[in-house]
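Here is the structure we will look at.
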Amino acid sequence: MAAARESLLDAAGAALARRPWPAVRMVEVAAAAGVSRQTLYNEFGGKDGLARALVRRAADGYLVGVERALAGGGDWERLTAVAEWTAAAAQQDALVRALLTGCWSERLPAPPRGPAPVPAQRRPEAPLPSPPDLVRIVRDRAVTALSGPGTAPAATVELARSCELVVRLALSCVTAPPGEGGIAGLIRTAAPRTAL
């Protein structure tokens with residue numbers, strides 16, 4: 001069923017790229033994925049469940065990219081990679097942009113609120129992260145990746161401040177792209193290297 005789920009999410013994402021979410025029809029998504037409409041309803045429970053899963057996949061994909069950015073290089077290179085990934089992911093994917101900024105347009109599925117009805121054969125998904133949740137998650141992952149064993153608590157606090165500043169700078173670049181020097185130039189100027 002995992003392959004059908006991914007096919008349905010791919011088909012829903014492709015449909016969303018062509019038209020606003022309210023105009024996306026379940027029967028068309030099922031047909032594009034090569035499954036029955038009943039399979040779609042069994043998997044997601046309805047259009048709201050499909051929307052929630054589509055947004056969840058965008059959030060998870062963004063966070064996988066954050067982990068990749070934190071995987072190699074020096075500390076500043078890794079933070080710069082996180083910032084550049086954040087801006088690029090938001091530019092390429094309207095769902096990621098909405099998740100990061102909280103700005104949901106009428107073209108997108110409404111941001112899911114509260115617990116979703118879940119088909120009997122599926123288990124409930126965790127709530128979707130809000131923009132402040134994503135800032136905290138990315139900051140905390142960066143701190144974990146950049147702090148070494150035995151890092152002093154005061155140094156960890158300063159590192160967390162620097163990591164949060166970099167994430168917030170990246171978010172500002174989503175809405176107002178940087179000029180000359182790009183994101184890396186902003187980070188070099190604004191974030192104190194003494195924290196790393």
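FYI, the numbering just counts along the sequence from 1.
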For a quick test of your reading: what N or O donor-acceptor pairs under 3.5 Å do the side chains of residues 13-29 make, sequence neighbours left out?
unit_1	atom_1	unit_2	atom_2	d
R18	NH1	A14	O	3.2
R19	NE	A23	O	3.4
R19	NH2	E28	OE1	2.4

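- Ionic pairing of R78 and D75 is present here: one or more N-O contacts between side-chain nitrogen and carboxylate oxygen are shorter than 4.0 angstrom.
- Contact of the V35 side chain with the E43 side chain is not registered, since no non-hydrogen atoms from C-beta on lie closer than 4.5 Å.
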Side-chain donor-acceptor pairs of residues 172-180 under 3.5 Å, sequence neighbours excluded:
unit_1	atom_1	unit_2	atom_2	d
S172	OG	L169	O	2.6
T175	OG1	S172	O	3.2

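- Atom CG of residue L9 and atom CZ of residue R56 lie 12.0 Å apart, to the nearest 0.5 angstrom.
- Taking each heavy atom of A160 and V143 in turn, the nearest pair found is CA-CG2, 3.5 Å.
- Considering all non-hydrogen atoms of both residues, L40 and A30 come closest at CD1-N, 3.8 Å.
- The distance from atom CZ of R57 to atom CG of D60, rounded to the nearest 0.5 Å, is 10.0 Å.
- In terms of heavy-atom proximity, L8 sits nearest to A33 at CD2-CB, 3.6 Å.
- Within the 4.5 Å cutoff, the side chain of V66 has no heavy atoms near those of the I137 side chain.
- Taken from CZ in F44 to OG1 in T39, the straight-line distance is 11.0 Å, to the nearest 0.5 Å.
- In terms of heavy atoms, A142 sits closest to C163 at CB-SG, 3.7 Å.
- Looking only at side-chain heavy atoms (C-beta outward), L95 and Y62 stay at 4.5 Å or farther from each other.
- What you find for G102 and P131 is that their closest heavy atoms are N-CG, 3.5 Å.
- Residues in residues 165-179 take part in these salt bridge (Lys or Arg N to Asp or Glu O under 4.0 Å) pairs, two or more places apart or across chains: E164-R168.
- For the atom pair L70 CG and R68 CZ, the distance stands at 11.5 Å (nearest 0.5 Å).
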Mind running side chain to side chain donor-acceptor pair (under 3.5 Å) on D133 and S130 for me, showing each step along the way?
CA-CA 5 Å; D133 293 336; S130 67; 3.1 Å; yes
Would W104 and L99 count as a side chain to side chain contact (heavy atoms under 4.5 Å, CB included) here? Give the steps.
CA-CA 8 Å; W104 295 83; L99 281 161; 4.3 Å; yes
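- L159 contributes atom CG, which lies 10.5 Å from atom CZ of R139 (distance to the nearest 0.5 angstrom).
- By the neighbour-count criterion of 12 heavy atoms within 6.0 Å, atom CZ of R37 is sparsely surrounded, having that number or fewer from other residues, nucleotides or ligands.
- The neighbour count for E67 CD, taken as heavy atoms of other residues, nucleotides or ligands under 6.0 Å away, is above 12.
- The side-chain heavy atoms of L63 and V138, taken from C-beta on, include a pair separated by under 4.5 Å.
- Considering only heavy atoms from C-beta on, V166 stays 4.5 Å or farther from V82 through its side chain.
- Taking CG from L100 and CG from L171, the interatomic distance works out to 5.5 Å, rounded to the nearest 0.5 Å.
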